[in-house]
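Supplied in structure tokens, the structure appears directly below.
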Amino acid sequence: MNPFDSARISARMALAAALLAVDPSGLGGIALRGTASPLRDQWLALLRRLMPPGSPWLRVPSHAGDAALLGGLDLTTTLETGRPVAQQGLLARADGGVLLLPMAERVSPGVASHLAAVLDRRQVVLAREGLSLRSPARFALLALDEGASDEECLPSALLDRLALHLLAEPAPEGETPPDWQAADIERAQMRLPHVILPEPLLQGLCAAAQAWGIHSLRAPLMAVRAARAAAALDGRNEVDDTHAALAAALVLAPRATRMPPPAADDDAVPPPTPAEPGPAEQAPASPPAPPQPDEHPADRDAAQAARPPEQAALEDRLVEAVRASIPHGLLAALQAGQARQARASAAGRAGAASKHPNRGRPVGSRRAEPRSGARLHVLDTLRAAAPWQRLRQDAAGGPARLRVRREDFHVVRYRQHRPTTTVFVVDASGSSALHRLAEAKGAVELLLAECYVRRDRVAVLAFRGAGAELLLPPTRSLTRAKRSLGALPGGGGTPLASGLAAAADLAGQLTRGGDSATVVLLTDGRANIARDGSPGRTQAQQDALTAAQRFRAEGLSALLIDTSPQPSDPARALSDAMGAAYLALPHAGAEGLARAVQLAAGHGR
């Protein structure tokens with residue numbers, strides 16, 4: 001039996017629903033993380049019950065385009081009246097209510113940007129198809145995040161604009177959530193414009209956000225709104241410490257990225273008091289400068305000591321309120337100095353996007369004639385022709401009928417994600433084995449994990465001795481890739497030209513098969529075996545440069561990671577001949593390597 005079937009929502013989830021019902025557009029919305037379950041349905045039912053009767057409750061479909069979200073031409077009315085008539089989109093129709101975004105972790109960048117812009121302006125600006133219209137759009141966005149891992153999450157632009165971030169967790173044993181009613185919410189909404197926030201509490205919320213490493217300016221502003229809504233819900237006209245602590249726990253805690261600096265020890269021996277300056281040394285007093293991010297701890301302690309005791313105690317209470325609301329796992333990570341960073345929305349998606357005339361996913365239309373297999377977009381063609389019907393019928397005379405001209409034609413645009421294969425080419429020769437082969441294996445294992453997250457295929461090719469060997473054909477199995485890499489021996493000559501030729505052959509074969517291929521070459525750039533297998537450094541280097549030029553000529557995407565102890569000239573010359581990006585392993589680091597491969601594969605754009 002599913003434990004969520006008989007679970008009840010927690011007091012935290014109930015309070016978040018009540019606060020959002022009191023100030024929907026002010027708080028922006030809620031990001032609720034958790035799979036579909038009866039517990040989530042209970043929470044949604046509670047929020048719907050607390051919202052004003054008759055308020056909109058709309059859902060964003062997964063295939064929603066610009067016209068569905070922002071509005072556009074009302075085709076039927078335009079054809080009947082002979083003049084352009086605008087039609088409201090989903091965002092404008094949600095004004096005064098709730099907009100539900102299911103599977104928010106998969107939202108496209110276009111939809112996310114439209115939602116973020118409307119949440120900022122609280123209105124929809126329509127300027128398309130000869131129309132210009134502004135409509136109010138003050139709604140609360142419910143982003144239902146069903147991601148199964150940390151890589152699958154909402155875009156940071158949306159998360160930053162939603163005040164409350166919740167986990168769908170059942171109530172602890174014995175906890176009973178408050179039973180708010182719609183009448184309580186209505187009274188709180190009437191009281192909300194008159195609720196004031198004392199200046200010390202405002203400073204305390206800002207100080208708590210700074211202490212926990214929250215750099216977004218929206219966070220303390222949303223904490224202020226949450227505190228005012230909590231006070232209004234409590235029947236108060238002024239925010240007190242309890243409401244501010246509640247707002248800090250709900251708004252600031254999920255955004256924490258670091259542990260606050262340790263408090264000054266009251267039992268420590270104070271520094272010696274400097275002697276009084278003489279008359280010649282005295283200078284007019286000036287206000288203290290604001291603390292800098294990398295200032296000395298003694299300077300920071302002195303600035304904190306200058307605060308009034310009451311203000312310092314208030315800020316400490318708000319900091320502790322945030323600490324008490326952070327999950328234990330995240331608190332341990334913060335204590336270890338790790339900041340939780342949201343991954344880019346492209347992470348976890350397979351393939352590089354490419355345009356195709358008649359295959360893939362439809363992504364709108366463009367003005368063009370339906371030639372070479374392109375499909376006519378009937379609705380957009382009619383929308384383009386509709387505003388001109390009265391003029392065309394008057395000019396042509398005869399019976400009234402729909403008149404479509406060549407300049408009205410629109411064809412469907414498609415976008416397909418090509419499978420991406422990353423080919424790792426590892427120099428396992430003696431020169432690399434003596435220096436950095438072990439570190440190169442570690443770097444490749446890190447990059448393999450990144451490729452697995454992006455659902456890419458990987459192949460492993462190594463060269464040593466007399467030639468190159470394909471250790472692992474293209475696969476999505478991370479285990480097989482690591483096993484083949486772990487069994488890679490080192491030593492022997494460096495047939496760099498053979499390795500480059502084999503990599504170019506494999507990348508070309510993948511590209512012709514429809515894949516988007518990227519070659520990641522790990523080498524020190526020093527060759528000593530020529531293409532024909534004969535030893536000789538001079539001829540081997542020349543053959544390697546000749547083989548490298550094939551990458552540039554065929555337009556193959558490549559990244560060269562220099563495995564030398566220090567950045568070397570041969571590796572740089574090889575990357576220039578290939579037209580590849582260059583990265584020195586000693587200075588790259590784990591994140592630099594992963595980012596470089598993403599850029600080379602087209603995932604970082």
Taking only residues two or more places apart in sequence, or in another chain, which ones meet Thr381 in a side-chain hydrogen bond (donor to acceptor under 3.5 Å, both in side chains)?
none
Quick one: do the Asp427 and Thr494 side chains pair a donor with an acceptor below 3.5 Å?
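Not at all, the side chains of Asp427 and Thr494 share no donor-acceptor pair under 3.5 Å.
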Looking at Arg375, is its backbone amide N or carbonyl O close enough to the side chain of His377 to form a donor-acceptor pair, meaning the two atoms are under 3.5 Å apart?
no
Just jot down the side-chain hydrogen bond (donor to acceptor under 3.5 Å, both in side chains) partners of Asp532, sequence neighbours excluded, or say none.
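For Asp532 the side-chain hydrogen bond (donor to acceptor under 3.5 Å, both in side chains) partners, ignoring immediate neighbours, are Ser534.
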For Arg406, salt bridge (Lys or Arg N to Asp or Glu O under 4.0 Å) partners two or more places apart
Glu369
Name all residues meeting the side-chain hydrogen bond (donor to acceptor under 3.5 Å, both in side chains) criterion together with Arg218; count only those two or more places apart in sequence or in a different chain, and write none if there are none.
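With neighbours one apart ignored, the set is Asp160.
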For atom CD of Gln509, decide whether the heavy atoms of other residues, nucleotides or ligands shown that lie under 6.0 angstrom number more than 12.
no
Can you check whether Ala157's main-chain N or O pairs, donor with acceptor, with Arg161's side chain at less than 3.5 Å?
yes
Shortest non-hydrogen contact from His410 to Ala384?
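Heavy atoms of His410 and Ala384 come nearest at CE1-CB, 3.7 Å.
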Apply side-chain contact (heavy atoms from CB on, under 4.5 Å) to the pair Arg33 and His165, showing each step before the final yes or no.
CA-CA 8 Å; Arg33 188 172 179 87; His165 303 169; over 6 Å; no
Arg531 side chain reached by Thr546 side chain, heavy atoms, under 4.5 Å:
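Counting from C-beta outward, Thr546 and Arg531 never come under 4.5 Å.
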Taking only residues two or more places apart in sequence, or in another chain, which ones meet Ala219 in a side-chain contact (heavy atoms from CB on, under 4.5 Å)?
Ile214, Leu252, Arg255
List the residues meeting side-chain contact (heavy atoms from CB on, under 4.5 Å) with Arg59, not counting sequence neighbours, and say none if there are none.
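Partners of Arg59 by the side-chain contact (heavy atoms from CB on, under 4.5 Å) criterion, ordered by chain and then number, come out as Leu100, Pro102.
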Can you confirm whether Leu545 sits close enough to Leu574 that some side-chain heavy atom of one is under 4.5 Å from a side-chain heavy atom of the other?
yes
Identified side chain to side chain donor-acceptor pair (under 3.5 Å) partner of Ser568 from the options Thr563, Asp562, Asp524:
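Of all the options given, the one that passes is Asp562.
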Residues at least two apart in sequence or cross-chain that pass side-chain hydrogen bond (donor to acceptor under 3.5 Å, both in side chains) with Gln539, listed by chain then number, are Asp543
Just do the side-chain contact (heavy atoms from CB on, under 4.5 Å) check on Val107 and Leu154 with the steps written out, would you?
CA-CA 8 Å; Val107 64; Leu154 271 73; 5.9 Å; no
Hits for side-chain contact (heavy atoms from CB on, under 4.5 Å) against Leu115, two or more places apart or cross-chain, chain-then-number order -> Leu91, Leu99, Leu101, Val111, Leu141, Leu158
4.5 Å side-chain heavy-atom contact, Thr523 and Phe463
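Yes, at least one pair of side-chain atoms sits under 4.5 Å.
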Can you check whether Leu90 reaches Pro61 side chain to side chain, under 4.5 Å on heavy atoms?
yes
Look at atom CG of Leu376 and say whether more than 12 heavy atoms of other residues, nucleotides or ligands are closer to it than 6.0 Å.
yes
Among all residues two or more places apart in sequence or in another chain, which pass the side-chain contact (heavy atoms from CB on, under 4.5 Å) test with Ser575?
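side-chain contact (heavy atoms from CB on, under 4.5 Å) check on Ser575 returns Leu560, Tyr582.
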Below 3.5 Å, can you tabulate the donor-acceptor pairs from side chains in residues 496-508 to any protein atom, sequence neighbours excluded?
residue, atom, partner, partner atom, Å
Asp505, OD1, Arg550, NH1, 2.7
Asp505, OD1, Arg550, NH2, 2.7

Test salt bridge (Lys or Arg N to Asp or Glu O under 4.0 Å) applied to Asp576 - qualifying residues, sequence neighbours left out:
none
Please confirm whether the backbone N or O of Thr35 pairs with a side-chain atom of Glu146, one donor and one acceptor, at under 3.5 Å?
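Looks like no, no N/O pair under 3.5 Å.
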